[in-house]
Structures are given as structure tokens and as C-alpha cells.
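Quick notes on the structure that follows.
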Amino acid sequence: MTTPASTPTITPVRPANARSAAAPVASTRKSARRRELGACGALMTPFFVLLVTVFLIPVGTAVWLSFFSDDQPGLGFGPERTVFVGLRSYTAVLTDPTFLSSLGTVFLYCVFYIPVLVIASLALALLLDSGVVRLRSWAQLGLFLPHAVPGIIAAVIWLYLYTPGLSPVIDLLGKADITIDFLGVHSVVPSMVNIALWSNLGYNMVVFYAALQAVPREVIEASVVDGAGPVRTALQVKAPLVRSSIVMVAMFTLIFALQLFTEPMLLSQSTPMINSRFSPSMYIYDAAFTRNNYGLAAAASVVLLICTIALSYGVTRWTNRANTPEEDAR
């Protein structure tokens with residue numbers, strides 16, 4: 001009985017030139033990866049330098065200063081020295097009725113200002129995008145020009161228009177037996193909202209208009225074919241597609257509105273309704289440069305920063321939750 005011969009196992013031999021060719025390919029990939037990382041680092045370095053310089057260092061300095069205060073021992077006759085006070089400045093800020101009142105004032109300002117700005121600028125952008133407006137470029141330029149005026153100059157212009165005895169608007173209304181006190185107790189906040197709207201409405205309109213230009217024309221044409229009119233197309237098709245821009249504008253407007261300073265500081269020269277601690281920023285300015293209490297000013301700055309971050313985070317979370325059901329439905 002014969003036993004069949006076993007089949008020999010053949011082991012493929014890798015050519016020597018294949019091994020030598022794999023090494024340059026790997027080194028080429030590594031060098032390309034290093035070049036990409038170097039390019040990313042070069043592009044991101046200016047951002048991180050600015051972030052550290054204009055944000056992290058000032059915030060860290062403010063937090064450090066908030067734990068110290070300048071005290072004078074010996075019934076105020078001794079030499080002034082800086083001492084560690086812990087959370088005393090924060091306690092003083094959070095229990096100060098004027099600071100809490102300033103927070104309420106800026107909250108009221110935001111309630112008036114942000115919805116009006118977002119809705120009005122979006123409405124103007126939708127109107128321009130619809131093609132109803134003629135001379136569209138000139139209309140955009142006319143609406144944007146007030147934003148080119150510096151904020152302090154805009155406040156001076158409106159201060160002139162709000163001041164009785166100087167304002168031609170008040171004189172004209174007086175001839176019609178209409179008396180309006182633009183700087184009264186009930187109208188001073190709407191007057192400041194009007195100044196901010198005049199300055200920022202055109203800018204945000206341009207932001208919304210640019211976002212509307214990115215909306216696919218096929219979607220708009222499909223809505224028209226389905227029988228949607230211009231108003232329905234604007235509200236139910238275009239506006240939802242630029243929701244990210246709406247959220248961005250609302251968030252940036254909220255951040256800048258919480259820093260309200262220029263308008264009330266200038267208007268305070270003509271009305272007693274605005275005191276030196278009318279807004280949180282004015283409270284900080286008064287604490288630092290009038291009362292020379294830098295620890296208190298730093299603590300108020302940190303509190304304002306925390307409020308700004310918390311509100312911005314809340315807006316982001318709320319918009320993300322609002323978008324999730326729509327994405328699941330799709």
C-alpha cells in the first residue's frame with residue numbers, strides 16, 4: 001500500500017525591492033502628516049495668542065484682584081496695604097441693591113432689545129431677498145451705514161435729539177401738541193433700545209441676507225410649485241433654514257447687550273433717571289475709577305462674566321433641544 005506524497009508548503013518570498021519601497025512611502029506619509037500639523041499650528045497660533053492675551057490673562061487678573069482689597073489700618077491714618085479678603089468682595093456685590101438693580105435694568109433692556117432687533121433685521125433681510133425691493137444694493141448700503149458710525153458718536157447724535165430745547169424732533173412734536181419725554185422714567189430704556197437698533201439693525205440684516213443667499217433655490221421653487229405664497233415661503237421655508245444664523249445673532253446680541261455702557265453713560269448727562277450705577281458695566285466703572293475699589297470692581301466683573309456665560313450656555317442648550325425633535329422627525 002503506497003502512501004501519497006505530502007504536498008509541500010510554498011512560502012511566498014517578498015521581494016527585497018518591495019520592502020525597500022515601503023519605507024519611503026511610510027516616511028513620506030509621516031512627513032506629510034508633520035507638515036499638516038505644522039500648518040494647523042501656524043494657523044491656530046494667532047488665535048490662541050489672542051485668546052490668552054485678551055481673554056484668559058484679563059479674566060485671571062480679575063479673579064485674582066477680586067480676592068484682595070486695599071485697607072488702611074489705624075482708623076484710616078496708617079499706610080494703605082493690600083490684604084487678602086477672600087469672598088468679601090463677592091458678598092458685597094451680591095448684597096448691594098444698586099448692583100442687583102443694574103442687573104434688573106439690563107435684563108429689561110435685553111427683553112426689549114433682542115427680540116426687536118432679531119425680528120426686524122430678519123424681516124428686512126427676507127424683504128430684500130424676496131426681490132420686492134428695488135435698488136437692492138442701495139437699500140443695503142443705506143441700512144448698513146448707521147453701523148459704520150462709532151457707538152459714542154451715535155449716542156451723542158441721539159442725545160441731541162432727545163434733549164428738550166435742542167431737539168428739532170421735540171419742537172416739531174410740541175407744535176402738534178404732543179409731549180414726549182424721551183429721557184423720562186418710563187421711556188429711558190426704550191430710548192436706549194432705539195439707539196442700539198439704529199446702530200446695529202443694518203449689520204444684522206446683512207448677516208441674515210448673506211445666510212438667505214445660501215438657501216438652495218430649488219427648495220424655494222418647490223415651495224412655490226406647492227402653492228406657497230411669498231409670506232408663507234418666507235416664514236415656513238426660508239426662516240427655518242437660517243435658524244443657525246438667528247441663534248448666532250441672538251447670542252452675540254445678548255453678550256453685547258449685557259455690557260451696556262456707552263448709551264447710558266452719555267444719556268446720564270441729560271437726565272437724572274440714569275445714575276452712575278445704572279448698568280453692571282457702569283457699576284464696575286464707578287467702583288474702579290470713582291471709589292477706587294478695584295477688588296469690588298473685579299468681583300462685579302467676574303459676576304457679570306458668569307452671568308454672560310450662563311445665559312449663552314442656556315441659549316445654546318435651548319436651541320439644541322429645539323432642533324433635536326425636528327431632526328428626529330426628518
Side-chain angles (χ1 to χ4, degrees), residues 97-98 100-128 132-135 138-206 208 249-250 253-254 256-283 285-286 290:
T98 57
L100 299 178
S101 176
S102 68
L103 287 178
T105 300
V106 80
F107 175 77
L108 181 63
Y109 174 82
C110 292
V111 169
F112 276 103
Y113 174 52
I114 297 176
V116 174
L117 177 70
V118 173
I119 294 174
S121 55
L122 180 61
L124 288 173
L126 290 171
L127 187 63
L128 291 174
V132 176
V133 179
R134 297 183 180 181
L135 302 175
W138 288 101
Q140 292 179 15
L141 178 61
L143 290 170
F144 184 79
L145 274 179
H147 183 73
V149 178
I152 189 169
I153 296 178
V156 170
I157 293 173
W158 284 99
L159 175 62
Y160 166 74
L161 295 176
Y162 287 157
T163 303
L166 296 176
S167 172
V169 176
I170 295 179
D171 294 340
L172 184 62
L173 293 175
K175 294 179 180 179
D177 294 331
I178 300 176
T179 303
I180 298 179
D181 186 5
F182 291 104
L183 301 178
V185 62
H186 298 296
S187 57
V188 64
V189 172
S191 296
M192 287 187 292
V193 170
N194 178 64
I195 298 175
L197 284 174
W198 184 81
S199 300
N200 300 316
L201 185 64
Y203 174 81
N204 291 286
M205 180 272 299
V206 172
F208 286 141
V249 168
T253 304
L254 172 65
F256 288 117
L258 292 174
Q259 304 172 25
L260 179 66
F261 179 80
T262 304
E263 292 84 357
M265 178 61 74
L266 287 177
L267 293 180
S268 64
Q269 307 299 319
S270 296
T271 176
M273 298 296 107
I274 302 177
N275 54 35
S276 60
R277 306 176 193 179
F278 183 79
S279 68
S281 296
M282 292 180 66
Y283 180 94
Y285 180 87
D286 177 73
T290 303

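One is the number of the first residue; the rest follow in order along the sequence. Every value quoted in this text rests on a predicted model; they were computed, and no experiment measured them.
Under the 3.5 Å distance criterion, the side-chain polar atoms of T271 are matched with a main-chain donor or acceptor of L183. A side-chain donor-acceptor contact under 3.5 Å links S191 to the backbone of S187. No donor-acceptor pair under 3.5 Å is formed between the side chain of S167 and the backbone N or O of T163. The backbone N or O of F261 sits nowhere less than 3.5 Å from a side-chain atom of S279 that would complete a donor-acceptor pair. Looking only at distances, no side-chain donor or acceptor of S102 sits under 3.5 Å from a matching main-chain atom of R277.
For the pair P280 and V106, the minimum side-chain heavy-atom distance is below 4.5 Å. You'll find the side chain of C110 reaches within 4.5 Å of the side chain of L254, heavy atoms only. L124 has its side chain within reach of L143: a pair of non-hydrogen atoms, C-beta onward, lies under 4.5 Å apart. Counting heavy atoms from C-beta on, the side chains of S270 and Y162 never come closer than 4.5 Å. L141 has its side chain within reach of W138: a pair of non-hydrogen atoms, C-beta onward, lies under 4.5 Å apart. Considering only heavy atoms from C-beta on, W198 comes within 4.5 Å of V149 through its side chain.
Across every non-hydrogen atom of V189 and F112, the tightest pair is CG1-CD1, 4.3 Å.
Below 30°, between 30° and 60°, or above 60°: for Y203 and H147 the angle between ring planes is below 30°, a parallel geometry.
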